[in-house]
Amino acid sequence: MSLTQNSVQTMFSMNASGDNPSFAPTVQVIHLKKIDNKGGGGEERWKVILSDGKYFLSGMCATQLNNLVHTGVIALNSILRVNDFIVNTMGSGQKIVIVLGADQMGANPGERIGSPVDIAKAGAAALALPQANNAGGAQPMYGNMQSPSGRNSNPYGKASPRGGGNPYGGGNNRNSYGGGSSGGSSAPIVRTSATGQQITPINGLNMYSNRWVIRAKVCNKSAIRHWSNAKGEGSLFSIELLDSSGFDVKCTFFKEAVDKFYSFLEEGSVYTFSGGRLKVANIQYNKCKSQFEITFDQNSEIHLDKTGGPEITESYEFMKIAGLEGVDPNSYVDILAVVKHVEEPSTIVSKKSGKELIKCEMILEDDSAAEVKLTVWGDAAQTAQQKFANAPIVAFKRARVSDYGGRTLSGQSFNMNPNIPQANGLRQWWSVNGNKTQTRSLSSAMGGNRGPDPFPQRKDVSSIKGEGLGHGEKPDWLTFKATITFLKKEKQGDEGAWYTACARSEDPCRNMFKATQTSDGNWHCDKCQQTYETCVRRFIFSGTVADDTCTSWVSVFNEQAEALFNGEPTAKADYLYEQLINGDGRDLYDSTFMKATYTDWIIKCKVKQEMVGDEQRIKTSVVSVAPIDYVVESRNLLTSLCAQ
């Protein structure tokens, strides 16, 4: 296998393989050594020396090539075709090549080819490329050409003293950090901004250069989050940037940078960014196209680009809602849909942080005859009913797919009424079909919302068995209209349909966990390991519900029981217990349960498979009950009939 003649000279004179995409030299590895990581941690790095048989050039392998080292593709004396590389100039002036991509070319000869010398020490003669090489296509794409008059005709800037310089600026051009450019840039510069700055595309960022300026649009901006741990406390927020290359990158700001830049950065505006620190993206939490993330601090430079960046447009890979059934949970998809219905914002308590979170669920529909629920959070949730009113066409970017109750979505990045051909087609379809299309809901069993599902997503009682609900790894959810036909108010060996709970109202118990009476008459809680003089009684009992299709047993807990009892003060478990032990509360107790029998409700249930003794059973638990508004119910029935 022959090596590419003069390839080291050519690489030495270039900034990156992007200068001449057709240049992919075949070279030999004549030295390979693992670099000690004195700081500990991080990925391993390998020093490499490449030779063309005449000269050699020192460099490093990018971390994504570590597997090639481990498998022996990159090894001492191996022959490689270098497909992608950049050339960096160190602070000492030394040039090194960073190999970003390479392929094996034939068998390892087992010995060094030729007697190469260090090109950095070979003198000026080694830097002059032979004329024959120019015809061979190994010279950078934008070499210095002499016009007939003898003057440099390079339209991009001054001549480089080595005949293969940066085509976008002369040797005396200063970069955005104030330093001179004596040997070319260390990142592929593709163009210059209106202010004269050399701009690096997001897809041209690399770990081996910090001298970059990107020009990008802020597509998504998070709220400020506060954190506190053993190392201290602080705040942070993140943004997603998109540039004209079509690549986007996630950026994070900490502490002082939050105070400096949060109010300055606005979604939809274009800025130039420099002075950030790159790290490899965590693909578990970062779904941007760039393989890196950027951290900015208070010393970073960010400037508003008043041109507005009309050439920077969001790109989408839309999926039809009907196709979500075949998408794996925790995947991310782009959805273009009509926002058909927006529910009231609600508040939940995060199990992880214990903080209250505001959420809002909406129903999306497209022309695939399917609909799905999507949840927005925080500030977007608070304004969702106003923002998404009147059935707008919305493009959601990277909505997260969940199997929590069928198929559901969660997303924060969206574009209202986008001016794209797909949106125009969907708008025409909606104007003709409107709300008349019979759709199939992919998320008719939402578990996160404690309230009942909307009318179009209701099922009947027979669906519990008919659809085999509760047999999966996760619980299923459904809403139906039914009549309470029986409530089991007696418990064997107990005085009523309740259990004794811990008297502690704060975390971690919140009057929910069982408390056991001790020999001295106090109450001990296994959850908080505390003993109290009193306890709290909470309802727990079973009953049957029925509609025109089926009857089913359900379990009822305290909050739902109190709702069935119309929330009367005399219908609290503690109050009924006091009346019973006083000897005159039996009639009140019986009548409380009797009044709730044969009443109609909109009931939401969780269906889950549980072990009862040594037997697996399907348990249906009531999670919410709502009284029937017969005016609204009649309107929903008429709308459903008209749509058929």
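- For T534 against A503, the heavy-atom pair with the smallest separation is O-CB, 3.5 Å.
- Looking only at side-chain heavy atoms (C-beta outward), W477 and K459 stay at 4.5 Å or farther from each other.
- Contact annotation: the side chain of F541 approaches that of L487 to within less than 4.5 Å [non-hydrogen atoms, C-beta and beyond].
- Around the CD atom of Q386, the shell of radius 6.0 Å holds more than 12 heavy atoms that belong to other residues, nucleotides or ligands.
- The two residues C219 and E267 come nearest to each other via the heavy atoms O-OE1, 3.9 Å.
- Under the 4.5 Å side-chain criterion, counting only non-hydrogen atoms from C-beta, V401 is in contact with V333.
- Ring geometry for F396 against F414 counts as tilted: the plane angle lies between 30° and 60°, on a 0 to 90° scale.
- Between V545 and F480, some side-chain heavy-atom pair lies under the 4.5 Å cut-off.
- K489 places a side-chain heavy atom less than 4.5 Å from the side chain of D590.
- Side-chain contact between E365 and W430 is present, with at least one heavy-atom pair separated by less than 4.5 Å.
- For T307 and R215, the side-chain atoms include at least one donor-acceptor pair closer than 3.5 Å.
- Put simply, the side chain of W498 does not reach to within 4.5 Å of the side chain of R538, judged on heavy atoms.
- The NZ atom of K606 sits 14.0 Å away from the CG atom of L469 when rounded to the nearest 0.5 Å.
- Environment of NZ in K608: sparse, with no more than 12 heavy atoms of neighbouring residues, nucleotides or ligands closer than 6.0 Å.
- Side chains of T551 and T544: a donor-acceptor N/O pair is absent below 3.5 angstrom, by distance only.
- Of all heavy-atom pairs spanning Y589 and A497, the tightest one is OH-N, 2.9 Å.
- In this structure the side chain of N220 never reaches within 4.5 angstrom of the side chain of D248, judged on heavy atoms.
- A cation-pi contact, defined as under 6.0 Å to the ring centre and within 45° of the axis, is absent between K481 and F455.
- In this structure, the ring of F261 has its center no less than 6.0 angstrom from the ring center of F296.
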Taking it one step at a time, do R537 and E562 satisfy salt bridge (Lys or Arg N to Asp or Glu O under 4.0 Å)? CA-CA 12 Å; R537 286 169 175 80; E562 291 179 353; over 6 Å; no
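- Heavy-atom minimum distance, D547 versus V461: OD2-N, 2.9 Å.
- F264 pairs by the ring-ring contact (aromatic ring centres under 6.0 Å, His included) definition with Y271, not counting sequence neighbours.
- For the atom pair CD1 of I602 and CG of D629, the computed distance is 10.0 Å after rounding to the nearest 0.5 Å.
- Across all their heavy atoms, L324 and R407 have their closest contact at O-NE, 3.1 Å.
- Between the side chains of T639 and N636, no donor-acceptor pair of N or O atoms lies under 3.5 Å.
- A distance of 11.5 Å separates NZ of K217 from CG of D243, quoted to the nearest 0.5 Å.
- No hydrogens or angles considered: a donor-acceptor pair under 3.5 Å links the side chains of R400 and N330.
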For K373 and E361: C-alpha separation, side-chain torsions, deciding distance, then whether salt bridge (Lys or Arg N to Asp or Glu O under 4.0 Å) applies. CA-CA 6 Å; K373 272 195 176 181; E361 295 175 345; 3.6 Å; yes
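- Of the inter-residue distances, the one linking F486 atom CZ with Y598 atom OH reads 10.0 Å to the nearest 0.5 angstrom.
- Going from atom CD of E317 over to atom CZ of R398 covers 9.0 Å, rounded to the nearest 0.5 Å.
- Environment of CG in N419: sparse, with no more than 12 heavy atoms of neighbouring residues, nucleotides or ligands closer than 6.0 Å.
- For the salt bridge (charged side-chain N to carboxylate O under 4.0 Å, His left out) test, residues two or more places apart in sequence or in another chain that qualify with K619 are E610.
- Atom-to-atom distance recorded for K340:NZ and E371:CD is 4.0 Å, nearest 0.5 angstrom.
- Nearest heavy-atom pair, I202 versus L241, reported as atom, atom and distance to 0.1 Å: CD1-O, 3.8 Å.
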